[in-house]
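In what follows, a structure is listed as structure tokens, so that the remarks can point back to it.
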Amino acid sequence: MTKEEKIELVKELTEKFKTYPNLYIADTGGMTVAESNELRKVCFEKNIKVQMIKNTLIKKALGNLDVDFSEVYPSLKKTSSVFFATEENPNVPAKIIKEFRKGPGKDKELPILKAAIIETSVFTGDDQLEALSNLKSKNELIGEVITILQSPAKNVVSALQSGGSTLAGLIKTLQEREEA
């Protein structure tokens, strides 16, 4: 690869990193061709883009971003595959990695999570996989906040409605007593 090609590839990677706010970098070295193909198939089905990229190119592309991601640099060793996830599915790559390890005939620890960038937060190490797989998307969080905010209002409206019928019943009973 010529220097010009590398420069162009770094530009493309930088744009891709800007487009996809959630990145997972995993060690996929040591996986068989069949396992790699199976992993790519699962990613394709879940709308996750995966690409093997040289560590030096990842480092240069991350360096071109406005946010300092230098925490990721020590993780960039051995073979690296980058999983690109959108805002709507930030935890899908973590779930894919987790499930892939558990699949039939899988006794391996591959792929191993090296680092993840979620929006601008950095997670390093395979021990972060569980926490990352439990992340909620922005839409899920907004839905939960709306539900929480609606709950007190629903309780007030419900109390007023039930109280109104009780009050109306009480007034009617008092009115009937006066007439009798």
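- When every heavy atom of F69 is checked against every heavy atom of T120, the shortest pair comes out as CE2-O, 3.8 Å.
- R40 has its side chain out of reach of E35: every pair of non-hydrogen atoms, C-beta onward, lies at least 4.5 Å apart.
- A side-chain donor-acceptor contact under 3.5 Å links R101 to the backbone of P111.
- Hydrophobic clustering, with ILVMFWY side chains joined whenever heavy atoms are under 4.5 angstrom apart, keeps I25 apart from M52.
- Two different hydrophobic clusters hold I48 and Y20 under the rule that ILVMFWY side chains link at heavy-atom gaps under 4.5 Å.
- Looking at heavy atoms from C-beta onward, L135 lies in side-chain contact with I118 at the 4.5 angstrom threshold.
- Contact annotation: the side chain of F100 approaches that of M31 to within less than 4.5 Å [non-hydrogen atoms, C-beta and beyond].
- Atom CD1 of I53 sits about 15.5 Å away from atom NZ of K59, to the nearest 0.5 Å.
- With hydrophobic clusters built from ILVMFWY side chains whose heavy atoms lie under 4.5 angstrom apart, Y73 shares a cluster with V67.
- The main-chain N or O of L113 is found under 3.5 Å from a side-chain atom of D126 such that the two form a donor-acceptor pair.
- Looking only at distances, a side-chain donor or acceptor of Y24 sits under 3.5 Å from a matching main-chain atom of P90.
- Remark: the backbone N or O of T147 is not paired with any side-chain donor or acceptor of Q150 at under 3.5 angstrom.
- With rounding to the nearest 0.5 angstrom, the CG atom of N91 is 10.0 Å from the NZ atom of K136.
- The nearest pair of heavy atoms linking A61 to L13 is CB-CB, 3.6 Å.
- Within a 6.0 Å sphere centred on NZ of K18, heavy atoms belonging to other residues, nucleotides or ligands number more than 12.
- Contact of the F83 side chain with the L23 side chain is not registered, since no non-hydrogen atoms from C-beta on lie closer than 4.5 Å.
- In this structure, the separation between CD1 on I97 and CG on L129 is 6.0 Å, given to the nearest 0.5 Å.
- The main-chain N or O of T86 is found under 3.5 Å from a side-chain atom of N89 such that the two form a donor-acceptor pair.
- Here the straight-line distance linking atom CG of L149 with atom CD of E144 works out to 12.0 Å at 0.5 Å rounding.
- Note on residues 44-57: pairs passing side-chain hydrogen bond (donor to acceptor under 3.5 Å, both in side chains), not counting sequence neighbours, are K16-Q51, N55-S80.
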Step by step, work out the side-chain contact (heavy atoms from CB on, under 4.5 Å) result for V10 and N64.
CA-CA 9 Å; V10 169; N64 290 341; 3.4 Å; yes
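- In this structure, P21 and A85 approach most closely via the heavy-atom pair CD-O, 3.8 Å.
- Connection of I112 to I117 is not established within any shared hydrophobic cluster, with ILVMFWY side chains joined at heavy-atom distances below 4.5 Å, either directly or through further cluster members.
- Atoms CG and NZ, from L57 and K60 in turn, are 6.5 Å apart once rounded to the nearest 0.5 Å.
- With E99 contributing its side chain and I96 its backbone, the two residues share no donor-acceptor pair below 3.5 Å.
- Rounding to the nearest 0.5 Å gives a distance of 12.0 Å between CD1 of I7 and CE of M1.
- Linking Ile, Leu, Val, Met, Phe, Trp and Tyr whenever their side-chain heavy atoms come within less than 4.5 Å puts L39 and L132 in one cluster.
- By the 4.5 Å heavy-atom criterion applied to side chains, K6 and L9 are not counted as neighbours.
- Under a 3.5 Å cut-off, the side chain of N22 and the backbone N or O of E119 do form a donor-acceptor pair.
- Nearest heavy atoms, L110 versus G29: CD1-O, 3.3 Å.
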